[in-house]
Number of protein chains: 2
Amino acid sequence: MSLRHALLGLLAEQPASGWDLSRRFDDLLGSVWPAGHPQIYGELRRLEQEAFIEVESEGPRRRKAYQVTDLGITEVRRWLTDVEVDHTLRLEAVLRSVFFWLMTPDQLSDHLRREAAYYEAVAAGYRQLAEAKDRGDFGHGPQTQSVRIAAEAGARLNTALGEWATWALNGPTVDANPAEPSGQTESSDHR
Amino acid sequence: MSLRHALLGLLAEQPASGWDLSRRFDDLLGSVWPAGHPQIYGELRRLEQEAFIEVESEGPRRRKAYQVTDLGITEVRRWLTDVEVDHTLRLEAVLRSVFFWLMTPDQLSDHLRREAAYYEAVAAGYRQLAEAKDRGDFGHGPQTQSVRIAAEAGARLNTALGEWATWALNGPTVDANPAEPSGQTESSDHR
DNA sequence: TCATGACATGTGCATATTGACATGTCCACT
DNA sequence: AGTGGACATGTCAATATGCACATGTCATGA
């Protein structure tokens, strides 16, 4: 479960309340790791019990801002360096592609056009965010740098998916050049 | 829950047992939609109760092969055409990148090198699969075509992630060319 | 004959995730 | 004074998912 470490990581940046964190997930992390507020509040309670975080201050409407403890910082670091990355992927869009043969050509091209448009729009959003970061709109702190890297992933992934949909639209059989134009050659090239 | 539709889709291709489907998920779909065998057997039971599938034959060791019913076929088709694609993404690797600033430069470059190697290897695997499909190693049926498209997605996505890791490794600030130029200001992250 | 490993299906529990519902506060506006 | 909307936190139930354990079959070779 990466949620707890994500929360610790966000809190390492600055104290925040469950509400803050929930919104942070919605706009920033939600696209790579969705989390509803019930999950967040629940996890925060557990993290506090385990002394990874503590209440930093209490605000207006029951607001409770948390901050990480040294133990918590140690824990995120441990996660980042010692815990194997979970490369599990869950992509409904790609799952569906395995069943494209069940759709009529019309339905399929309609679908692919929509998908391409969707991914291109999302990619464009990430690109704008990346540019804003590069312009220095959010300063140049290390945290901003990290988010910049994450945005780059969003841009690249969605661009790749958009191009994939477009490629699929134009009849894969015709195109004899799969993925792999740039970068060094690994080996075993065919084509 | 896409699992049930994935199962129906696989069964639309040919009758199969829970075991068959489980292996199919392991080698083919597992990378975009993991599913353990308990989940599969459970779902099959439910699908049978709801008359989406039925037992086609019983084999040696308690083996039960299922086949889709007309109702089941209708249901996958409905899913493919009428149900909105769930674009939810869950990528721990990218989630981690938001917290890169908590790692030392050494740890980070070590991490990124490993990641790049991992993604490149996986991408290479998909590329080989794609080539085999293009060579016609699996025939040229529509199902094979669909899998070919899915493999393309795997190749493109993992290639993109590998390039992303490499890009991040070489210091993003130096590289002023993210994914594409163009775009205006806006975005509202932060806070 | 006996052990081994691939085949095949399951149960049970723990945890993760989602969605609906519930509660109350503060602020701005009418 | 009253209303609506953003703020803020939570509970609860239903699913989904993952992991460990359990059971038994069939074919192969020692």
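Everything numeric here is computed off the predicted structure, so don't read it as measured data. All values below were derived from every heavy atom in this structure, side-chain atoms included, with hydrogens, water molecules and symmetry-related copies excluded. Numbered from 1 within each chain, the chains take letters A, B, ... in sequence-line order.
Evaluation of the ring-ring contact (aromatic ring centres under 6.0 Å, His included) rule for A:Tyr126 yields no partner, not counting sequence neighbours. For A:Trp19, there are no ring-ring contact (aromatic ring centres under 6.0 Å, His included) partners two or more places apart in sequence or in a different chain. For A:Gln143, the side-chain hydrogen bond (donor to acceptor under 3.5 Å, both in side chains) test picks out no residue, with sequence neighbours left out.
When the nearest nucleotides of DNA chain C are assigned to A:Pro60 and B:His37 by heavy-atom distance, the more 5′-ward of the two goes with B:His37.
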Go through it in stages, so that I can follow the logic: the residues are A:Glu43 and A:Arg46, the test is salt bridge (Lys or Arg N to Asp or Glu O under 4.0 Å), and I'd like the CA-CA distance, side-chain angles, deciding distance and then a yes or no. CA-CA 5 Å; A:Glu43 196 62 46; A:Arg46 254 170 287 160; 3.4 Å; yes
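Mapping heavy-atom proximity under 4.0 Å, the span of DNA chain C touched by chain A runs 5' to 3' from C:dA16 to C:dC26.
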What pairs of nitrogen or oxygen atoms, one from the protein and one from nucleotides 3-7 of chain D, lie under 3.5 Å apart?
unit_1, atom_1, unit_2, atom_2, d
D:dC7, O4', A:Arg61, NH1, 3.3

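Across every non-hydrogen atom of B:Thr144 and B:Gly139, the tightest pair is CG2-O, 3.7 Å.
A salt bridge links A:Arg114 with A:Asp110: the closest approach of a Lys/Arg side-chain nitrogen to an acidic carboxylate oxygen falls below 4.0 angstrom.
As judged by a 4.0 angstrom heavy-atom cut-off over every strand, B:Ser22 is placed among residues making no nucleic acid contact.
The main-chain N or O of A:Gly162 is found under 3.5 Å from a side-chain atom of A:Thr166 such that the two form a donor-acceptor pair.
Put simply, B:Gln39 has a side-chain N or O that comes within less than 4.0 Å of OP1 or OP2 on D:dT17.
Summarising the geometry, the separation between CE on A:Met1 and C1' on D:dA16 is reported as 16 Å, rounded to the nearest angstrom. We find that CZ of B:Arg4 is positioned 12 Å from C1' of D:dT15, with the value rounded to whole Å. The distance from atom CZ of B:Arg90 to atom P of D:dA16 is 14 Å, rounded to the nearest whole Å.
At most 12 heavy atoms of other shown residues, nucleotides or ligands fall within 6.0 angstrom of atom CG in A:Asp70.
The closest side-chain donor-acceptor pair between A:Thr104 and A:Asp106, if any, does not fall under 3.5 angstrom. Defined by atom type and a distance below 3.5 Å, a donor-acceptor pair is present between the side-chain atoms of B:Glu92 and A:Ser2.
A cation-pi arrangement is absent between A:Arg96 and B:Trp33, since the terminal nitrogen or guanidinium carbon is not both under 6.0 Å from the aromatic centre and inside a 45° cone about the axis.
For the segment residues 40-56 of chain A, the set of residues with a heavy atom within less than 4.0 Å of an atom of DNA chain D comprises A:Tyr41, A:Arg45, in numerical order.
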